[in-house]
Chemist: 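Sharing a structure, written as structure tokens. Questions coming.
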Amino acid sequence: LAAEAQYFDGTRFVTNTDDNCSATYTGWTAPTLGSFSGNLQAGETTLTEGGMNAGILPLTLSAPGEGNDGSAVLTMVAPPWLFYDFDGDGNPETASALIVFGIYDGREPVIYWRQRFGR
């Protein structure tokens, strides 16, 4: 996974490629995993954070192991001035993402899938 440091340029949010240090400042709190569901429990996957480079913060989750399918919520812990109304309900919140392991079985006969766009 990757988290991005972004700013609003007046039209849209863009990656702040000058940011190489946000994840190292004194008040930084690492992202957390919670709200586990299905057969996935706390401790069955671990989150490792890489170093921020050009506005990108790499995040790695360990494989939870056989039979530990389910989901968890990854939450970026941020100070209130960095909250945003991500879900459009009028209340600003910190960024989060749903992480899913082993739930989608896929179409086994497909070896390679490419989407073509017509003119």
Side-chain angles (χ1 to χ4, degrees):
L1 306 171
E4 290 186 21
Q6 298 181 338
Y7 65 93
F8 189 69
D9 72 356
T11 305
R12 60 189 173 92
F13 284 95
V14 294
T15 302
N16 184 357
T17 56
D18 292 331
D19 190 342
N20 294 313
C21 62
S22 285
T24 60
Y25 85 96
T26 305
W28 174 257
T29 303
T32 61
L33 288 175
S35 300
F36 293 88
S37 68
N39 295 319
L40 187 63
Q41 303 297 320
E44 292 175 341
T45 182
T46 56
L47 177 64
T48 305
E49 174 185 327
M52 175 148 315
N53 184 22
I56 305 294
L57 177 66
L59 304 169
T60 304
L61 292 158
S62 64
E66 183 80 29
N68 297 329
D69 58 330
S71 65
V73 174
L74 181 139
T75 301
M76 298 299 293
V77 181
W81 65 86
L82 293 177
F83 284 19
Y84 180 77
D85 185 13
F86 292 101
D87 58 10
D89 68 356
N91 298 311
E93 56 269 331
T94 191
S96 64
L98 181 65
I99 310 300
V100 180
F101 289 100
I103 292 177
Y104 179 71
D105 195 21
R107 291 182 52 187
E108 293 179 18
V110 176
I111 295 171
Y112 177 77
W113 194 321
R114 179 177 169 199
Q115 185 169 356
R116 294 184 58 199
F117 296 95
R119 289 190 173 261

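The residues of the chain are indexed from 1 along the displayed sequence.
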Chemist: How long is the straight-line distance from OG1 of Thr48 back to CG of Leu61, given to the nearest 0.5 Å?
Modeler: 8.0 Å

Chemist: Kindly indicate whether the side chain of Leu59, heavy atoms from C-beta on, has any atom under 4.5 Å from the side chain of Leu47.
Modeler: yes

Chemist: Could you tell me whether the side chain of Leu74 reaches within less than 4.5 Å of the side chain of Met76, counting heavy atoms only?
Modeler: yes

Chemist: List the atom of Asn20, the atom of Ala54, and the distance in Å for their closest heavy-atom pair.
Modeler: OD1-N, 2.6 Å

Chemist: Would you give the length of the straight line joining atom CG of Asp85 to atom CG of Asn91, rounded to the nearest 0.5 angstrom?
Modeler: 6.5 Å

Chemist: Once rounded to the nearest 0.5 Å, what's the spacing between atom CD of Glu44 and atom CG of Leu33?
Modeler: 12.0 Å

Chemist: Side chain of Ser62, backbone of Thr46: donor and acceptor closer than 3.5 Å?
Modeler: yes

Chemist: Kindly check if the number of other-residue, nucleotide or ligand heavy atoms within 6.0 Å of OH (Tyr84) is above 12?
Modeler: no

Chemist: Could you measure the distance from the OG1 atom of Thr15 to the CD atom of Gln6? Nearest 0.5 Å is fine.
Modeler: 5.0 Å

Chemist: Check Cys21 against Asp19 and note the closest heavy-atom contact, atom names and distance.
Modeler: N-OD1, 3.0 Å

Chemist: Are Thr45 and Ile99 close enough that some pair of their side-chain heavy atoms sits under 4.5 Å apart?
Modeler: no

Chemist: Is any side-chain heavy atom of Leu98 closer than 4.5 Å to a side-chain heavy atom of Val73?
Modeler: yes

Chemist: Would you say Ile56 ends up clustered with Tyr7 if hydrophobic residues are merged whenever their side chains have heavy atoms under 4.5 Å apart, either directly or through other cluster members?
Modeler: no

Chemist: Measuring from Ser37:OG to Asp69:CG, what's the distance to the nearest 0.5 Å?
Modeler: 9.5 Å

Chemist: For the residue pair Glu49 and Leu57, establish whether any side-chain heavy-atom pair is separated by less than 4.5 Å.
Modeler: yes

